[in-house]
Structure formats: structure tokens, C-alpha cells
Amino acid sequence: MPLDLFAVGDPIADTKAPTDVPIAERWSTRRFRARLVNPANRRKRTVIVVGTGLAGGSAAATLGEAGYRVKSFWFHDSPRRAHSVAAQGGINAAKNYRNDGDSVHRLFYDTVKGGDFRSREDNVHRLAEVSVSIIDQCVAQGVPFAREYGGLLDNRSFGGAQVSRTFYARGQTGQQLLYGAYQALERQMAVGTVEQHARTEMLDLIVVDGRARGIVARDLITGEVSTHFADAVVLATGGYSNVFYLSTNAKGSNTTAIWRAHKRGAYFANPCYTQIHPTCIPVKGDYQSKLTLMSESLRNDGRVWVPKERGDTRDPREIPEDERDYYLERIYPSFGNLVPRDIASRQAKNVCDEGRGVGPGGLGVYLDFADAIGRLGRPAIEAKYGNLFDMYAQITGEDPYETPMRIYPAVHYTMGGLWVDYDLQSTIPGLFVIGEANFSDHGANRLGASALMQGLADGYFVLPNTIGDYLADGPFGPLDDTHPQVAEALGGVQAQVQKLLSVNGTRTPASFHRELGRLMWDLCGMERSEEGLRKALDRIPEIRHEFWTNVKVSGEWDTINPTLEHAGRVADFLELAELMCVDALHRNESCGGHFRAESQTPEGEALRDDGEYAYVAAWEYTPEGAPPVLHREALEYEYVHLAQRSYK
């Protein structure tokens, strides 16, 4: 790897996890050793929380309930429009209600293994511990989880596990969990502990004397750019899948908050770890704006297959059983259709590359429910998946009760994010990062139904217990816009807004976003290679230069201007994309969702190189023109031993 692409800095380590006790005692030990802020002093501490999804909404509500003064920011009109609302399939918890051998340790093991041994043991074990409390919390809120006939909470299976530990609310689990967090947040707003800032987008982090002390934000209605101060800042702004343009994320999902924090000194960990979800409705048309997820829960009852022969264009109902290849069941008999997402996605790509794909362009495989309908009856399938089937029918015009769904992998989630320690604090003191915005729990591949688990674990249970240790040193004194570091941040945001408006070129922000997304999908998507990544690294700076000399942002700054909003987000994607490719190129191994063509087993599985790459890659931002600096955090496995993953 040429040194001009990056420089190597000092190693980094998490020093907050109490490794002097067994892993099962570390979370309780950390809670006990952390300093507390008494109730009277909490009223004197202010915390900014950016984002109101499951992580941000639950964190703001819980901190407000604890007595802190909270300022909550979101760029939608309502907290309920956060992208968490779109999550479908369920939330994992080690309750073992099915008495099928589940436990905290098994969820811990499955998550470390599912992440292809590229996550921290300490964080993952805590996540598994806390999972059991999440369900109790949500049931107490009135979240309408599915129940069995006798009234007990129901469970179903998800990929990467041989037990049923996923709690669900039909195909709308994220929506129902978000409503639970939202009602808790609204209660705190009503009693005055949480101050709300709707339709407001964070555009920079204010760092004063080395501490995160606030944000610079733009009112999306009036255009006003203003500063907001606090003793600590929490980012809960989600992932960066929209760097690919086409993803299952909402169109407004972006990287701006975490990227601007990265440019202020927060290390960015494992940016190349992106998740490709195997069950999405295939792309249709060059100008499609987003993709639609079909929940992984469908793989409980749906069977994935393609024709055995290339170029078979018959109606799938006319293809006999002996001419079908149920390839996941054939290759992975132990897990079948419930292998982890990275494996299911790559195998779908493989059969399509062989010429056996179905649908337009041969970019699709079948997800067939005929067996399940015959075994359970249509009413049972409707009860489990009815809203998902309806959504598929409305989008495709095809009836999945009568003919198999067509699905294909699509970008869905990002395991990379800002580096955090065991307390969820970044490399900037006072900046905490929760949910998908951080990197901490999923390694190189997230298991299905674990995103909701992490978001609520961080917001309800982890952050409220760790942020006090930092705030015990506060409050940190008043600030205003005349402070030099505040004025610099505020002026920088105002200058960028004016710069975007002044270019007055000929191309829309959307055209640059689409071009970047296609490049990233082709060269840094489901499969990466040294040749492709180097091509991307040659092309991305050219696109970025053209953007800043030829983008056309219509409208004015002092009014509602979605084009201006999009332009600022695309500018950040153009910088993040380059770091993603550098990270993918430097990591010359395959692990989880990061698949290098040069590093695979004879069977085409991901081939890790634990001797060289068993570490977290934490990247430090450097000014434009200087290469990013790599800081390695060594990953040590004491309880789950390193091994080649096998789901056969």
C-alpha cells in the first residue's frame, strides 16, 4: 500500500472497559465505578442530542427523565419521521422464551461470529446483556409486540442464528418501537426537560479548548444559521448508506453530522464496512431515487431459488422443482435461507453472475412462499407478513401470494462510524456517539434485528449510565458567538452556504450524487478489488472538483431550499467516499460485508487475515492535500476464539 494514500499514527485503545473483571461483570463494574451527578446538579448540566430515531429519541427522553437539561435537534417536521420508523422485521433479545437454547452468551457469540470477528468483545457482551431489559422497557410503554395464542410474546428467527430470539410487531417493528420512544420524548418536552428544535440541521460541531461544547445548525425554514451550546453533545444521526445514492435508507439520511465531527477531530472507524441486504426489490430504471427493503423476516418462510439452467425465462410457476436450485439450502444446509446477510447477498450475486438471475437484466432471485402457504395457509402468512406483501404488490404490480417475489441485494446499513470507547465517547471529549452513527457493536457485518437492539440499548441504558462520568466535571462555563473558536465554526458554515449558492454551474446536486453512487456501487460495493478501488480513488477527486466548480444550487439561503440542503450533504459524501475507498484498499482481506476479490477461499467465501488485520481502523482527518492518518485498535478475543466462519 503506497504511503501517499495514508499515514500511520499511534495505536488507539479503549481504556474505559474494566478488563480486570470477567466479561460478564464488566458492565455492572463500569456502572459502579463511573462518577455520578446528583439530581440537583443534573439541572445545571445541558446535553445536546442530535437525531430522534431510536437511539436519539430514547437518549433524549431518558436524559430528560433523569433531570438533565436536554436540547433535541432533528431536521424533519416530527421526530416520528426518523428513519428508524422504516425498520421492519424485529429486535433481538436473549430472553429464551422459546426454550431453544438461547442465552446472553449465545447472543454475544452469534453477534461476534456474525460480525466476522471484527467487533469488540466488551461492547458486544454488554449489548447482549442489555437486550433483555429492552423488551421489558418497550412492553411497559405499550409497544404491541406480536403474541402467541396464549398471550406470550412471540419470536421468530433471523439470519446468523439457530434460535428464535427476534421480537416483532408484524412488519412494522421499527415504527412501533419509535412510537414508544417518541411518547417518552414528548412527555419530557411537555414537562420542560427537553427543548425541541424541529426542522433544524446540524452543520458543524463546536469544539472549545478540546471539548465538544455545542453545534452550529441551520433552520431549514428560515435559513438562519445559529449556535447552540451545551456541556456535552450526543450524535444519533444514523449511517451513511446514501453515499451509494441508491439504498434502502430514506432520501434525507446523510453523513453530514458525523462527517463534520470527524473533520473537527473525531476518528472515523472502519468506513468501508457497509452492509448489503439480500432481500430488496430490484432496481428498475436509471432514475430511480431509492430502493425498498423486503424484511429479512421473510426468509423464515420464504425459500430462495433460481433456475438451474442459464437463461430460463419461463414463469417461475412453470419451472418444476427438479429444475430449481435452492442454492442457500444446498450450500448451507445447517442454516439454509437464514445465513447472515453478507453471505446471502454474495451468493445472490454469484448466481446472477453465472447467468441464472431472473427478471430484467438478470439481476434478481426468487423468494418463494408457495411451500409456506401450502403448509400454514394464506391467512397465517397474511398475519405475519401482510403489510410487506401489500407493499411489494403496490411497487411491482405482482401478487406475491400467487407468484414468487423477485429480490436482489442493496445497500442497507453501515457498520462503520465514529470511533467510540466503552462509554460511547469519541476521541473528542464531550462528544458521544450512539446507534448506527458509531462503529462499536457489529464488526464487519450486522446480524438482522440487531440495529434496533443497539439503538435502544445505547439510548435507554448505556449512554445515561456513562455520560454522567464526563458531566461530573461540569458545568464547563458559558459561551457565546464572540468566542474565537465559536466564531470560526459559525463563520465556516455561513461561508460554505454562500459558496454553494455562488458556484452557479450547470449540474444539479442530484446528478453528482447519482454519479458518485454508481461509482461506489460498482467499485466499492458488494465486491471490491485493488484495481477497482484505485480507479475510484482516481475518479472521486475529479467528481469533487467538478462539483465545486459546476454545481447549480437554485433558490436563496433565507428560505426553504431542499436543493441547498442536498448540495451540502453531497459535498460531505464526496469526501467520505474517498476515505471509504482508502479504508477498503488498505484492508487487503475479506471480512463480513467487506469482500475483496483477491481474498477468498476456494469455495468463494470471505478469507480473513487475522495476523494482519484483526484491528479497528480508526482514521484521523487531515486538511485537504494531506493523507488521512490510520490509528489501529487491536482486537483481542478472550471468550469467542478466532475461527473461519462456517454456516454449513
Side-chain angles (χ1 to χ4, degrees), residues 23-24 26-27 87 89-135 155-168 173 273 275-278 295-297 299-300 328 332-346 412-413 415 436 439-458 591-594 605-606 608 610 614 635-648:
I23 196 167
R26 288 175 188 170
W27 177 226
I91 177 172
N92 288 330
K95 285 286 199 181
N96 195 32
Y97 283 173
R98 288 291 185 91
N99 197 29
D100 55 0
D102 202 11
S103 64
V104 166
H105 186 80
R106 188 174 296 278
L107 175 53
F108 161 62
Y109 173 85
D110 287 347
T111 304
V112 172
K113 177 184 175 183
D116 214 353
F117 300 91
R118 289 296 178 262
S119 55
R120 278 195 203 131
E121 281 193 333
D122 292 332
N123 291 60
V124 175
H125 195 280
R126 176 176 64 190
L127 179 65
E129 285 182 69
V130 170
S131 71
V132 298
S133 299
I134 296 171
I135 303 305
N155 293 115
R156 56 190 179 198
S157 299
F158 260 61
Q162 292 180 305
V163 297
S164 295
R165 63 163 68 101
T166 304
F167 296 78
Y168 65 98
T173 313
Y273 287 170
Q275 179 163 89
I276 313 297
H277 198 293
S295 170
E296 182 170 320
S297 63
R299 289 196 277 147
N300 274 269
L328 292 178
Y332 307 102
S334 293
F335 281 74
N337 295 297
L338 288 175
V339 292
R341 292 172 175 177
D342 59 318
I343 292 175
S345 294
R346 280 199 298 275
H412 175 60
Y413 188 90
M415 287 75 66
E436 191 179 353
F439 88 102
S440 66
D441 292 340
H442 305 296
N445 176 65
R446 178 177 66 78
L447 292 183
S450 289
L452 307 187
M453 174 174 62
Q454 185 208 348
L456 293 181
D458 287 356
C591 55
H594 168 63
E605 304 287 357
R608 296 195 323 267
D610 296 328
L635 291 170
E636 299 177 0
Y637 293 92
E638 183 181 2
Y639 294 88
V640 180
H641 298 297
L642 285 166
Q644 183 69 28
R645 281 193 311 172
S646 175
Y647 291 94
K648 295 183 177 182

Working to the nearest 0.5 Å, report the span between [atom1] of [X] and [atom2] of [Y].
X      : Y      : atom1 : atom2 : result
Asp458 : Met453 : CG    : CE    : 10.5 Å
Asn445 : His594 : CG    : NE2   : 13.0 Å
Leu127 : Phe108 : CG    : CZ    : 11.0 Å

Tell me every residue that passes ring pair (Phe, Tyr, Trp, His ring centres under 6.0 Å) with [X], counting only those two or more places apart in sequence or in another chain.
X      : value
Tyr639 : none
Phe335 : Tyr647
His277 : His412

- Message: Has Asn92 got a side-chain atom pairing as donor or acceptor with Gly448's backbone, closer than 3.5 angstrom?
- Response: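 Side chain of Asn92 to backbone of Gly448, a donor-acceptor pair under 3.5 Å: yes, one is there.
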
- Query: Is a donor on one side and an acceptor on the other found under 3.5 Å between the side chain of Glu121 and the backbone of Glu638?
  - Reply: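 Yes: the side chain of Glu121 pairs with the backbone of Glu638.
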
Looking only at heavy atoms, which two atoms of [X] and [Y] are closest? And how far apart?
X      : Y      : result
Ile135 : Ala93  : CG1-CB, 3.4 Å
Gly89  : Thr166 : O-CG2, 4.2 Å
Ala606 : Cys591 : CB-N, 4.3 Å

Report the residues that fulfil side-chain hydrogen bond (donor to acceptor under 3.5 Å, both in side chains) with [X], sequence neighbours left out, ordered by chain and then residue number.
X      : result
Ser157 : Ser164
Arg299 : Glu296
Ser131 : none
Arg346 : none

List for me each residue that meets side-chain contact (heavy atoms from CB on, under 4.5 Å) alongside [X], sequence neighbours excluded, and say none if there are none.
X      : answer
Ser440 : Asn123, Val420, Leu424, Asn438, Gln454
Glu129 : Trp27, Val104, His125
Ser297 : Arg156, Phe158, Ser295, Asn300, Tyr385, Leu388

Answer yes or no: is there a side-chain heavy-atom contact under 4.5 Å between [X] and [Y]?
X      : Y      : result
Asp342 : Ile276 : no
Arg118 : Asp610 : yes
Arg341 : Pro278 : yes

- Task: Tell me, yes or no, whether the heavy-atom count around Tyr637 atom OH, taken from other residues, nucleotides or ligands under 6.0 Å, exceeds 12.
- Result: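 Atom OH in Tyr637 is crowded, with more than 12 foreign heavy atoms closer than 6.0 Å.
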
- So with a 6.0 Å cut-off around CD of Glu636, is the heavy-atom count from everything else above 12?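 No, the 6.0 Å shell around CD holds no more than 12 heavy atoms from other groups.
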
- Task: Quick one: which residue pairs count as a salt bridge (Lys or Arg N to Asp or Glu O under 4.0 Å) with a foot in residues 101-116, not counting sequence neighbours?
- Result: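 Found Asp102-Arg165, Asp110-Arg165, Asp116-Arg608, Asp116-Arg645.
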
- Message: Enumerate the salt bridge (Lys or Arg N to Asp or Glu O under 4.0 Å) contacts for residues 442-455, please, sequence neighbours excluded, ordered by first and then second residue.
- Response: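 Matches after skipping sequence neighbours: none remain.
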
- Message: My understanding is that only one of Val124, Asp441, Val640 makes a side chain to side chain contact (heavy atoms under 4.5 Å, CB included) with Thr111; could you say which?
- Response: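 For Thr111, the side chain to side chain contact (heavy atoms under 4.5 Å, CB included) check succeeds only for Val124.
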
- Carefully, step by step, assess Ile91 and Tyr168 under the rule side chain to side chain contact (heavy atoms under 4.5 Å, CB included). CA-CA 6 Å; Ile91 177 172; Tyr168 65 98; over 6 Å; no

- Decide side chain to side chain contact (heavy atoms under 4.5 Å, CB included) for Gln275 and Met415; before the verdict, give the C-alpha distance in whole Å, the side-chain angles of both, and the deciding distance to 0.1 Å. CA-CA 7 Å; Gln275 179 163 89; Met415 287 75 66; 3.6 Å; yes

